[in-house]
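Residues: numbered from 1 along the sequence shown.
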Amino acid sequence: MEPTEPPNRPARPPAEPERRDWTDGHVAHWEPVLPGFDPLVEGAVTRMKKLSVHLRRVREQSLADFGLERHEYDTLHRLAGLGGSAAPSELARELDLAPAAVAGRLDALEKRGLVRRVRSGADRHRVVVEFADAGRETWRGVTEVLGREERRLLGVLDRDELTLLNGLLRRVMLAEEGPGPQ
């Protein structure tokens, strides 16, 4: 006797066909053309590139909307990472720039009211750069726009899938950061 489903059990809905994205068409186009083509590698690399380009566009639009140049945002972002207050030499190290280059950036940001230079309370000869209210608000605004888009895109994954994705990308990055071809 063959097993049968109980009569009161609802039938399973048919599986939804897998949706295709732009990269699927790209891979299908190049697979017959290139010898040694690996569609899985090409699909992963192309999707990562397209995602990176998309997020860069979102960031650039957000910078434009908030009236910032990329180097200005980078400086504000590093300042935020240092707790919102730092010596110019600390910012220079964080940005991997010469102190004179950072001084020019700080001059421009100070003129716009985004940062201020103040004398250190501990050492009156030392200058500290800190956020002005407008600078902190501007930095947060740009950061929130990008964060919303990142959450929108990755929000299609559950926590377990995000954990898996992070682990897989970490392995790829460790290969990139490790020794090159022998």
Side-chain angles (χ1 to χ4, degrees), residues 15-66 68-102 104-106 109 129 131 135-136 138-182:
E16 191 177 310
E18 187 175 47
R19 293 177 54 199
R20 295 176 53 83
D21 65 4
W22 179 91
T23 300
D24 291 318
H26 166 82
V27 168
H29 172 81
W30 287 105
E31 191 168 13
V33 176
L34 294 171
F37 182 84
D38 186 331
L40 293 175
V41 170
E42 181 67 14
V45 168
T46 300
R47 285 181 177 96
M48 285 187 289
K49 275 198 275 187
K50 288 187 72 63
L51 182 59
S52 179
V53 166
H54 172 74
L55 290 173
R56 188 176 317 118
R57 284 184 184 139
V58 170
R59 183 186 63 227
E60 297 303 321
Q61 183 60 57
S62 180
L63 291 174
D65 291 346
F66 283 89
L68 283 180
E69 298 291 328
R70 184 174 177 189
H71 68 275
E72 293 173 321
Y73 175 77
D74 291 344
T75 304
L76 294 174
H77 191 66
R78 295 299 176 141
L79 183 60
L82 292 167
S85 177
S89 59
E90 290 176 285
L91 275 172
R93 259 192 317 278
E94 283 289 311
L95 292 163
D96 196 23
L97 292 173
V102 171
R105 286 184 181 195
L106 294 176
L109 290 169
V129 178
F131 272 117
R136 186 179 308 278
T138 300
W139 170 76
R140 279 189 179 146
V142 172
T143 304
E144 286 172 8
V145 169
L146 187 54
R148 257 192 317 274
E149 183 62 5
E150 291 167 349
R151 288 187 300 277
R152 182 186 76 81
L153 295 173
L154 294 173
V156 301
L157 304 176
D158 64 31
R159 299 306 290 176
D160 289 340
E161 291 168 325
L162 275 173
T163 300
L164 176 61
L165 177 62
N166 268 289
L168 296 172
L169 290 173
R170 182 178 299 109
R171 284 176 44 200
V172 172
M173 290 308 302
L174 287 171
E176 185 275 332
E177 293 170 358
Q182 302 300 318

Next on the checklist: With side chain to side chain contact (heavy atoms under 4.5 Å, CB included) as the criterion, how do D24 and R19 come out once you've worked through the C-alpha distance, each side chain's angles and the decisive distance to 0.1 Å?
Outcome noted: CA-CA 10 Å; D24 291 318; R19 293 177 54 199; over 6 Å; no
Item to check | L91 vs L106, side chain to side chain contact (heavy atoms under 4.5 Å, CB included): CA-CA, chis, key distance, verdict | outcome: CA-CA 10 Å; L91 275 172; L106 294 176; 3.9 Å; yes
Next on the checklist: side chain to side chain contact (heavy atoms under 4.5 Å, CB included), that's the test. Do M173 and R170 meet it? Break it down for me.
Outcome noted: CA-CA 5 Å; M173 290 308 302; R170 182 178 299 109; 5.7 Å; no
Checklist entry - Could you walk me through whether V102 and L95 pass the side chain to side chain contact (heavy atoms under 4.5 Å, CB included) check? => result CA-CA 8 Å; V102 171; L95 292 163; 4.2 Å; yes
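Summarising the geometry of G25 relative to R20, their closest heavy-atom pair is N-NH2, 3.9 Å, with the distance given to 0.1 Å. Between P35 and V33, the shortest heavy-atom contact is CD-O, 3.6 Å. Of all heavy-atom pairs between G84 and R136, the closest is CA-NH2, 4.4 Å. For the residue pair E31 and F37, the shortest heavy atom distance occurs at CA-CD2, 3.4 Å.
A salt bridge between R152 and E149 is present, with a side-chain N of the basic residue lying under 4.0 Å from a carboxylate O of the acidic one.
E177 contributes no side-chain N or O that, together with a main-chain N or O of L174, makes up a donor-acceptor pair within less than 3.5 Å. For the pair S52 (side chain) and M48 (backbone), a donor-acceptor distance under 3.5 Å is absent. Using modelled atom types, one side-chain atom of E72 and one backbone atom of E69 make a donor-acceptor pair closer than 3.5 Å.
Within 6.0 Å of the NE2 atom in H26, the count of heavy atoms belonging to other residues, nucleotides or ligands exceeds 12. Counted within 6.0 Å of CG on D96, heavy atoms from surrounding residues, nucleotides or ligands total 12 or fewer; the atom is thus considered open.
Going from atom CZ of R105 over to atom CG of L76 covers 10.0 Å, rounded to the nearest 0.5 Å. Going from atom CG of L68 over to atom CG of L109 covers 8.0 Å, rounded to the nearest 0.5 Å. N166 CG to R159 CZ: the interatomic distance, rounded to the nearest 0.5 Å, is 9.0 Å. Distance check, rounded to the nearest 0.5 Å: CZ of R148 to CG of L153 gives 13.0 Å. Interatomic distance, CG of L79 versus OG1 of T75, reported as 9.0 Å (0.5 Å rounding). Rounded to the nearest 0.5 angstrom, E150 CD and H54 NE2 are separated by 9.5 Å.
For the residue pair T143 and Y73, a side-chain donor N or O sits within less than 3.5 Å of a side-chain acceptor on the partner.
Inter-residue side-chain proximity for E90 and R93 is flagged as met; some heavy-atom pair is nearer than 4.5 Å. Two residues are said to be in side-chain contact when any heavy atoms from C-beta on lie closer than 4.5 Å; W22 and T46 meet this criterion.
R78 pairs by the salt bridge (Lys or Arg N to Asp or Glu O under 4.0 Å) definition with E94, not counting sequence neighbours.
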